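Computed from a predicted model, the values in this text were never measured in an experiment.
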Amino acid sequence: MTEGLGIIIDESHGATINSFAAVPMTFGAGVDVPPRWVPPLIVESQGRTNSCAGHAEALAANHSNFTITGEVLRFSRWFAYITAQLCGGFRGDQGTSIGSTLDAATRYGVCLEATCPFTEAYSQQLSKAAYTEAEQHKHLGETRYDCRDWETAIQWLTDQRPIIIGTSWYSGQDSCGAVEDRRTASGSFRGYHARCLVGWDTLNGELCPVVQNSHGASWGANGRAVITSDLWHSWQQDHNFFAFGFGLIDEVEPQRRSYLTSKAGDSC
């Protein structure tokens with residue numbers, strides 16, 4: 001089965017990307033960075049729906065919660081998707097824009113998966129309980145950091161912070177293996193797809209992002225893949241490409257965490 005995508009490139013897309021703030025120069029390379037770190041987040045599937053942005057937002061919330069608390073929770077992908085559509089004025093399972101996804105995260109937040117389970121039966125009806133619970137899990141503040149630069153992305157990730165990316169998607173990427181490189185971005189163009197970078201790994205001596213997709217555990221290596229720098233640099237040539245550091249905590253200027261106190265992930 002071919003899984004759905006879901007990023008809409010609307011007239012606000014470029015302005016949204018240009019609104020992202022630069023990562024502070026003081027947020028430089030860290031020390032004692034292990035060769036691999038991937039948090040034990042649950043791999044999900046969006047099925048045939050075009051809810052990738054909702055999945056990416058929920059996964060970023062999962063990531064931030066794990067880093068802070070050490071708990072593995074599931075935030076609602078469907079709530080994130082539908083509230084983003086409501087913010088953007090979209091109807092039907094056509095997807096949503098990145099601007100409306102960010103607006104929804106700030107305005108509504110996201111509830112737990114158990115409160116608003118994922119469904120492929122499309123409806124924009126959400127329960128009062130879901131809205132009430134989501135109030136506890138909002139993105140606080142307006143600052144989102146631009147991580148399109150490769151080195152900036154690595155610095156952000158190695159501080160155990162998630163990055164939501166939106167890239168072009170080709171049919172060759174549907175059957176990606178453990179490594180997603182420029183050769184996989186081949187075949188027919190299918191649209192734009194949002195995903196979440198959740199950690200890093202070492203490939204040929206280079207630290208590289210680990211992406212967690214929303215196409216289920218059969219994609220990549222149990223739902224994840226290492227992204228190579230050659231693919232990343234090709235994405236940078238696309239003016240629709242975005243990558244932003246996004247979390248649940250409002251920080252005027254992020255400071256690098258100490259690995260002595262950070263939560264352990266898959267570092268083997």
Side-chain angles (χ1 to χ4, degrees), residues 3-9 13-14 16-23 37-39 41 43-44 46 50-64 77 80-81 84 95-102 105 139 144-170 172-174 176 179-182 184-185 189-201 203 207-215 219-220 223-247:
E3 304 272 344
L5 303 178
I7 283 293
I8 295 174
I9 307 298
H13 188 82
T16 299
I17 295 174
N18 291 334
S19 71
F20 297 158
V23 173
W37 187 85
V38 179
L41 307 178
V43 174
E44 311 278 12
Q46 68 184 88
N50 289 306
S51 59
C52 65
H55 277 71
E57 180 196 329
L59 189 57
N62 294 340
H63 187 293
S64 297
R77 302 158 283 157
Y81 176 39
T96 190
S97 67
I98 188 57
S100 62
T101 301
L102 300 180
H139 176 257
R144 295 113 183 192
Y145 290 98
D146 188 352
C147 293
R148 285 175 292 177
D149 174 74
W150 171 262
E151 293 299 332
T152 300
I154 296 300
Q155 290 173 12
W156 191 268
L157 287 169
T158 56
D159 196 48
Q160 300 181 341
R161 300 171 185 270
I163 297 175
I164 294 178
I165 62 170
T167 72
S168 55
W169 192 263
Y170 289 85
Q173 290 165 278
D174 290 336
C176 175
V179 176
E180 187 176 355
D181 57 20
R182 194 166 185 176
T184 64
F189 175 70
R190 291 190 53 216
Y192 282 86
H193 187 38
R195 295 179 287 167
C196 190
L197 305 182
V198 297
W200 68 90
D201 203 347
L203 184 66
L207 289 180
C208 296
V210 172
V211 65
Q212 184 161 318
N213 199 6
S214 52
H215 288 173
W219 185 88
R224 304 184 184 96
V226 176
I227 293 176
T228 61
S229 58
D230 69 323
L231 177 58
W232 188 277
H233 294 320
S234 72
W235 286 339
Q236 288 179 297
Q237 306 308 307
D238 182 352
H239 64 276
N240 290 325
F241 167 62
F242 62 82
F244 62 91
F246 177 71

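Side-chain contact between Gln46 and Arg77 is absent, with no heavy-atom pair separated by less than 4.5 Å. The side-chain heavy atoms of Ser64 and Pro162, taken from C-beta on, include a pair separated by under 4.5 Å. Annotation: side chain of Glu44 is not in contact with side chain of Leu59 (no heavy-atom distance under 4.5 Å). Proximity of Thr167 to Leu231: side-chain heavy atoms (C-beta onward) are nowhere separated by under 4.5 Å. Contact of the Trp200 side chain with the Cys208 side chain is not registered, since no non-hydrogen atoms from C-beta on lie closer than 4.5 Å. Taking 4.5 Å as the limit, some side-chain heavy atom of Val179 sits within range of a side-chain heavy atom of Thr228. For the pair Asp238/Tyr192, a side-chain contact is recorded, criterion being any heavy-atom separation below 4.5 Å from C-beta on. Taking the side chain as every heavy atom from C-beta outward, Leu197 and Arg161 never approach each other to under 4.5 Å.
Residues Ala53 and Thr101 share a closest heavy-atom pair of CB-OG1, 3.4 Å. Heavy atoms only, all atoms of each residue included: Ala60 and Ile164 are closest at CB-CD1, 4.0 Å. Of all the heavy atoms in Ser19 and Thr16, the pair that sits closest is OG-O, 2.5 Å. Contact record, Cys52 with Ile7: SG-N, 3.8 Å, taken as the closest heavy-atom pair. Shortest non-hydrogen contact noted between Leu157 and Pro209 is CD1-CB, 3.6 Å.
Distance check: Ile154 CD1 to Cys147 SG gives 10.0 Å after rounding to the nearest 0.5 Å. Note: Cys196 SG to Leu41 CG = 8.0 Å, rounded to the nearest 0.5 Å. Here the OG atom belonging to Ser100 is positioned 11.5 Å from the NE2 atom belonging to His13, to the nearest 0.5 angstrom. Distance check: Trp150 CH2 to Asp230 CG gives 8.5 Å after rounding to the nearest 0.5 Å. In this structure, Thr96 OG1 and Glu57 CD are separated by 10.0 Å, a value rounded to the nearest 0.5 Å. Taken from CD in Gln173 to OG1 in Thr184, the straight-line distance is 5.0 Å, to the nearest 0.5 Å.
Checking side-chain atoms of Tyr81 against main-chain N and O of Gly95 turns up a donor-acceptor pair under 3.5 Å. When atom types are taken as modelled, the side chain of Asp146 and the backbone of Arg148 share a donor-acceptor pair closer than 3.5 angstrom.
Ring pair Trp219/Trp169 is tilted by interplanar angle, where 30° to 60° counts as tilted.
In this model, a donor atom of one side chain and an acceptor atom of the other lie less than 3.5 Å apart for His193 and Asn213.
For Trp156 and Phe244, the ring centers sit 6.0 Å or farther from each other.
With Gln212 as the partner, the side chain to side chain donor-acceptor pair (under 3.5 Å) test is satisfied by one option alone out of His63, Arg224, His55: Arg224.
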